[in-house]
Amino acid sequence: LLPLLSQHQKIYSIVEDIFYMAKNTRRDGLWISALRETHTAGQAITAEKLAKYTGSSERSARDVLKTMAENGFLKEEKKGREVRYIPGEL
């Protein structure tokens, strides 16, 4: 019984590690950074600024910001060619 229990503990530990790694993806970092900038600091953010701040591509930043706006976390604000995002209704 003891070797079986030990095997289950190892498997559980591996599953925990995988779950933890899956929760902390680059896109999660983009979401968190965008929410901090807009909701906590009260600042508008652009894809370019988010990409520079997080070290990700501008395309990834733009995709995340657009998804956040589509889901009400942010609102798009267009100024000329620039698209800025401001806090949405949470």
Side chains of Glu76 and Tyr85: does their closest heavy-atom pair fall under 4.5 Å?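 Yes, at least one pair of side-chain atoms sits under 4.5 Å.
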Rounded distance [0.5 Å steps], CD1 in Ile86 versus OG1 in Thr38: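 It is 9.5 Å, given to the nearest 0.5 Å.
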Rounded at 0.5 Å granularity, tell me how far CD1 in Ile32 sits from CZ in Arg27. 14.0 Å
With sequence neighbours excluded, tell me which residues meet salt bridge (Lys or Arg N to Asp or Glu O under 4.0 Å) with Glu82.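 Expected list: none.
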Per-pair distances, 0.1 Å, donor-acceptor, side chain in residues 43-52, under 3.5 Å, sequence neighbours excluded:
residue, atom, partner, partner atom, Å
Thr46, OG1, Lys49, N, 3.1
Glu48, OE2, Lys52, NZ, 3.3
Lys49, NZ, Glu37, OE2, 2.9

Using the side chain to side chain donor-acceptor pair (under 3.5 Å) criterion, which residues pair with Ser56? Sequence neighbours excluded.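 Checked Ser56 against side chain to side chain donor-acceptor pair (under 3.5 Å); matches are Thr54.
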Considering only distance and modelled atom types, tabulate donor-acceptor pairs under 3.5 Å from the side chains of residues 58-75, sequence neighbours left out.
residue, atom, partner, partner atom, Å
Ser60, OG, Ser57, OG, 3.0
Thr67, OG1, Asp63, O, 2.9
Asn71, ND2, Thr67, O, 2.8

